[in-house]
J.: 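Would you mind keeping the following structure in view while I ask a few things?
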Amino acid sequence: MKILIVDDSKAMRMIVKRTLRQAGISGHEVLEAGDGKEGLEKVKAESPELVLSDWNMPVMSGLEFLKALKSEGIDVHFGFVTSETTQEMRKLAEENGAEFLIGKPFTAETFEEILDPILN
Amino acid sequence: MPATKQIEAQDCKILLKNLLGRDITVETGDPVDPSKTPAVLITFHNDEGGLQALWAADLRFAAFSAAALTMVPLPVAEEAVSAGKLPEDLMDCFREVANVGSSLFNHAGPHVVLADSLAVPPVPEGPGKILASPGMQAAFRIEIEDYGKGSLSMFTL
């Protein structure tokens with residue numbers, strides 16, 4: 001399975017990858033993108049099964065990225081990994097078709113709990 | 001726009017402990033004065049794009065938290081402190097610490113997003129106005145396990 005991590009911070013992409021490993025989520029090909037536009041291109045080119053996207057990014061935000069995926073009819077598991085954790089943002093994510101929202105800071109346990117049912 | 005509620009040491013501690021995966025001690029401290037001390041200033045914008053909030057971190061907190069985030073060895077962080085400026089990779093990591101830290105403001109007042117990071121002094125005019133007369137000010141002395149102590153102050157309009 002391919003997992004795409006979309007975050008404008010290289011440091012955070014590294015931490016998400018590390019947390020996936022700590023959560024026992026291994027054996028998957030992990031791809032990276034630095035913003036929503038690059039993420040959209042990667043989804044079209046690589047067809048990942050799961051996208052973990054930041055919310056606030058330059059060029060194209062995570063929400064715009066999600067809307068673009070939906071409007072183009074691309075079927076992929078999509079969730080946010082973001083510091084935007086207020087109820088308003090969670091509602092907005094859900095209304096636009098995100099399957100989950102993992103708040104930063106996160107733990108390996110949270111990753112395991114939320115991602116295991118999707119990946120298995 | 002509603003005022004931001006006081007940010008508490010305990011909230012700051014929980015956020016940093018979860019983010020860095022290390023024991024954290026947070027105590028009330030003296031405000032960082034970035035007009036006099038080498039520091040990193042982080043600006044946060046509101047939903048209208050205006051300057052709403054600031055972090056002012058002394059070099060020790062900026063370097064130690066950035067290094068702890070990505071498990072960079074302590075001597076690398078100490079070298080940055082001695083040099084008086086964070087190298088680009090540590091600054092990127094510190095921006096991410098601040099990005100996650102923006103939730104402290106968002107649970108206490110108007111919604112903000114991280115905007116910019118800059119080495120100071122000198123402090124630009126916009127941030128200078130907030131520093132001179134903040135609506136909310138929180139000043140912490142923070143110890144990060146295996147790294148050390150530094151200071152972080154938060155200010156809002």
Side-chain angles (χ1 to χ4, degrees), chain A residues 5-24 30 32-36 52-65 79-93 95 101-114, chain B residues 2 4-5 11-22 24 42-47 49 53 55 62-63 65-72 76-77 86-117 144:
Chain A
I5 301 168
V6 186
D7 198 305
D8 58 321
S9 164
K10 188 179 167 189
M12 187 48 72
R13 295 199 301 270
M14 191 189 82
I15 292 163
V16 171
K17 276 198 285 187
R18 188 173 74 204
T19 308
L20 285 169
R21 282 198 303 274
Q22 289 169 342
V30 178
E32 295 182 40
D35 59 55
L52 302 174
S53 178
D54 189 16
W55 190 297
N56 295 309
M57 293 182 287
V59 186
M60 180 187 275
S61 73
L63 188 61
E64 290 166 337
F65 175 29
F80 286 106
V81 180
T82 175
S83 53
E84 297 287 5
T85 56
T86 58
Q87 280 310 312
E88 295 97 308
M89 293 303 192
R90 287 183 181 278
K91 189 165 174 253
L92 199 53
E95 283 171 355
L101 188 152
I102 296 173
K104 296 175 185 171
F106 44 72
T107 62
E109 289 74 25
T110 307
F111 266 46
E112 195 176 353
E113 183 187 324
I114 292 176
Chain B
T4 302
K5 287 187 289 187
D11 295 332
C12 183
K13 175 182 172 157
I14 291 168
L15 181 131
L16 290 172
K17 185 176 167 58
N18 289 338
L19 177 63
L20 304 178
R22 293 173 185 278
I24 303 288
I42 302 281
T43 59
F44 298 87
H45 285 180
N46 57 34
D47 290 340
W55 268 22
S65 61
L69 181 70
T70 46
M71 297 182 188
V72 168
V76 176
L86 262 60
E88 197 176 324
D89 55 345
L90 278 186
M91 186 65 110
D92 182 43
C93 294
F94 185 60
R95 279 177 62 89
E96 198 50 43
V97 173
N99 182 35
V100 174
S102 64
S103 62
L104 291 171
F105 291 122
N106 289 336
H107 289 285
H111 181 257
V112 299
V113 293
L114 183 143
D116 204 2
S117 56
I144 302 169

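What you see below is based on every heavy atom in this structure, not just the backbone, and it leaves out hydrogens, waters and symmetry mates. A note on names: the letters A, B, ... follow the listed sequences, proteins ahead of strands, and every chain is numbered from 1.
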J.: Does CD in A:E95 sit with more than 12 non-hydrogen atoms of other residues, nucleotides or ligands closer than 6.0 Å?
T.: yes

J.: What's the separation between atom OG1 in B:T70 and atom CE in A:M12, rounded to the nearest 0.5 Å?
T.: 10.0 Å

J.: So what's closer than 4.5 Å to chain A heavy atoms on B:S102: side chain, backbone, both or neither?
T.: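 Only the side chain of B:S102 comes within 4.5 Å of chain A.
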
J.: Examine whether an atom of A:T85 lies under 4.5 Å from a heavy atom of chain B, and if so say whether it belongs to the side chain, the backbone or both; otherwise answer neither.
T.: both

J.: Counting heavy-atom pairs closer than 4.5 Å to chain A, which one of B:I14, B:L114, B:L19 comes out on top?
T.: B:L19

J.: Please determine which of B:L69, B:L16, B:V100, B:L20 meets the side-chain contact (heavy atoms from CB on, under 4.5 Å) test together with A:P105.
T.: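 Single pass found, and it is B:V100.
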
J.: Quick one: closest heavy-atom pair of A:T86 and B:N106, and the distance?
T.: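 Looking at all heavy atoms of both residues, the closest pair is CG2-O, 3.9 Å.
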
J.: Checking side chain to side chain contact (heavy atoms under 4.5 Å, CB included) for the pair A:K104/B:N18: CA distance, chi angles, key distance, verdict?
T.: CA-CA 9 Å; A:K104 296 175 185 171; B:N18 289 338; over 6 Å; no

J.: With a 4.5 angstrom heavy-atom cut-off, is it the side chain or the backbone of A:E88 that approaches chain B, or both, or neither?
T.: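 Neither the backbone nor the side chain of A:E88 comes within 4.5 Å of chain B.
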
J.: What parts of residues 89-97 of chain B touch chain A if we use heavy atoms and a cut-off under 4.5 Å?
T.: B:D92, B:C93, B:E96

J.: So, taking the atom named CG in A:D8 and the one named CG in B:N99, what distance separates them when rounded to the nearest 0.5 Å?
T.: 7.0 Å

